[in-house]
K.L.:
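Here you go, one structure.
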Amino acid sequence: MDKTFVVVGTQFGDEGKGKIIDVLAPTADYVVRFQGGNNAGHTVVVGKDKFVLHLLPSGIISSKGKCIIGAGVVVDIKVLLEEMEELEKRGYDLSNLYIDERAHIIFPYHIAIDKAKEEALGENKIGTTQRGIGPCYNDKIARNGIRIGDLLDKDRFKDKLLWNLKEKNDILTRYGKETFDFDTMYNEYMKLAEKISNRVVDCVSVLNNAIEKGERVLFEGAQALMLDIDFGTYPYVTASSPTAGGVCTGTGVGPKKIDRILGVMKAYTTRVGEGVYPTELLDDLGELIRKKGYEYGATTGRPRRCGWLDLVMGKYATMINGLTDIVLTKIDVLTGLEEIKVAVGYEIDGKVYDSYPSSLRQSKKFKVIYKTFKGWTEDITNIKEYSELPENCRKYIEFIENHLGVKVSLVSVGPERTQNIYRS
Ligand code: GTP
């Protein structure tokens, strides 16, 4: 029986991973976040209740097991405590939440640098959420980072903070921004450390032991392939690896221990922020999809760019993640459209690409090759059996799985936990 599951985004994020994780989490002994920070915005709808989680694994809402913030995540402790407090106020027991001692901490100077840099880049800005994620990963790679475990050793924390503040205050001065005071920050973080110290563990051994014992582990991805630091639309990407490979680097669990890799794919495409987006609809149809799908950022409230499903990206996502399943979401949003298009190739300088070329740029001239499908008008939001879906809807789904060579094993037809069609 499959024990370890990964859920990743196959497009630009906001595919509805939060809902799918919420659906799968009750069956898991562990729900683990492996990358990113509070730049994620997972939305979980339970009856009349809506939860938007940025840093906590979204599995925490429905999970009966343990929830882990893994080594590859960057943690803004203040945001973590706020999210925890909010959930505790709503009656959730968070005694099952743990943080890997290796996870890096986002400090206020990371946020200040993120904002200053985006401001300085002007029109060329990356479009970050300005929550300090990139600068924190920057420090991690530059080997200056301060990890959760460092907070628990006062002297080590003091040395690292002194060094970092000197460097960051220099940078902020160059940007003409306010600097930070050592004593204030040191004292503040020592107090914060007390609030989380009982949750800090070595998650590598916890997780590997759990897998060894046959427990079920769900790895929860944030963002998505096209925002991956290596394989996304660089430089308009996030600073981590939201692909299945990120599970191994971000939790210390080896690749052979992963059984199933579920790629969440929205039935159309959306993107927040800058960067190339071949199937973008800049017309009324794009606006219609935005309104019907309520495509506004869960973290920033920014309107998302909307467009057709892109199976050139889909092929790329299938390869890079080694997908075993596709979870197709928000197909209900397409109900009522006369025609639905899907990108199956890009033509660049006379050459046709069916998987995403690294050289693609916004500025580059390329033509998107589409396949067109007839739409359907029936309300599909209460359907539970695949065979009851309108024929045109099934044709659309079956084209996706045949084109990608991966089964669409779950079709989501609404935001609620129960609005799912399972296919064996
Ligand atoms: P990131 O990790 O930030 O990329 O977020 P995400 O992938 O979890 O997506 P997010 O929660 O931001 O957006 C998905 C939105 O669509 C949420 O409001 C969900 O409640 C909603 N949603 C999820 N699945 C469906 C679906 O099948 N149909 C409809 N209509 N809405 C859905």
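Any value given below was found using the heavy atoms of this structure, including those in side chains, with hydrogens, waters and symmetry copies removed. For ligands, and for the atoms within them, numbers begin at 1 and follow the listed sequence. The residues of the chain are indexed from 1 along the displayed sequence.
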K.L.:
For Tyr236, is the NZ or CZ atom of Arg271 found under 6.0 angstrom from the centre of its six-membered ring and inside 45 degrees of the ring axis?
P.N.:
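Cation-pi check for Arg271 and Tyr236: fails.
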K.L.:
Is the number of heavy atoms from other residues, nucleotides or ligands within 6.0 Å of NZ (Lys384) greater than 12?
P.N.:
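Yes, NZ of Lys384 has more than 12 neighbouring heavy atoms, counting only those of other groups under 6.0 Å.
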K.L.:
Before signing off on this row, confirm whether Lys17 and ligand 1 have an N or O atom pair separated by under 3.5 Å.
P.N.:
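Yes: some nitrogen or oxygen of Lys17 is under 3.5 Å from one in ligand 1.
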K.L.:
So which of Lys292, Lys330, Lys19, Glu416 gets nearest to atom 15 (C) of ligand 1, if we judge by its closest heavy atom?
P.N.:
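Ranked by closest heavy atom to atom 15 (C) of ligand 1, first place is Lys330.
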K.L.:
Validate the cation-pi geometry between Arg260 and Phe5: distance from NZ or CZ to the six-membered ring centre under 6.0 Å, angle to the ring axis within 45°.
P.N.:
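Checked: cation-pi criterion not met.
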K.L.:
Would you mind listing which atoms of ligand 1 come within a distance below 4.0 Å of any non-hydrogen atom of Val413?
P.N.:
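Once the distances to Val413 are compared, the set is 27 (O).
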K.L.:
Under 4.0 Å from a heavy atom of Ser412: which atoms of ligand 1 are those, numbered in the order shown and with their elements?
P.N.:
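Answer for ligand 1: 24 (N), 25 (C), 26 (C), 27 (O).
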K.L.:
Please compare Gly13, Ala224, Gly293, Pro415 and report which has the shortest non-hydrogen distance to atom 20 (O) of ligand 1.
P.N.:
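The residue whose heavy atom sits nearest atom 20 (O) of ligand 1 is Pro415.
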K.L.:
Quick one: do the Glu295 and Tyr268 side chains pair a donor with an acceptor below 3.5 Å?
P.N.:
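Note: Glu295 and Tyr268 side chains meet the donor-acceptor criterion.
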K.L.:
Looking only at distances, please establish whether an N/O atom of ligand 1 is found under 3.5 Å from an N/O atom of Gly414.
P.N.:
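Yes; the residue has a nitrogen or oxygen that sits under 3.5 Å from a nitrogen or oxygen of the ligand.
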K.L.:
Is the shortest N/O to N/O distance between Gly18 and ligand 1 below 3.5 Å?
P.N.:
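There is such a contact, yes.
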K.L.:
For Phe12 and Tyr277, I'd like to know if the aromatic rings sit close, meaning centre-to-centre distance below 6.0 Å.
P.N.:
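Ring centres of Tyr277 and Phe12 closer than 6.0 Å.
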K.L.:
If the cut-off is 4.0 Å to any non-hydrogen atom of Arg304, which atoms of ligand 1 fall inside it?
P.N.:
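That gives atoms 12 (O) of ligand 1.
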K.L.:
Is the distance between the ring centroids of Tyr92 and Phe51 under 6.0 Å?
P.N.:
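Yes.
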K.L.:
So is Glu15 polar-close to ligand 1, meaning N/O to N/O under 3.5 Å?
P.N.:
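There is such a contact, yes.
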K.L.:
Do we see a donor-acceptor contact under 3.5 Å between the side chains of Asp228 and Thr238?
P.N.:
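Not at all, the side chains of Asp228 and Thr238 share no donor-acceptor pair under 3.5 Å.
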K.L.:
Go through ligand 1 atom by atom and flag the ones less than 4.0 Å from a non-hydrogen atom of Gln223.
P.N.:
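Checking each atom against Gln223, I get 2 (O).
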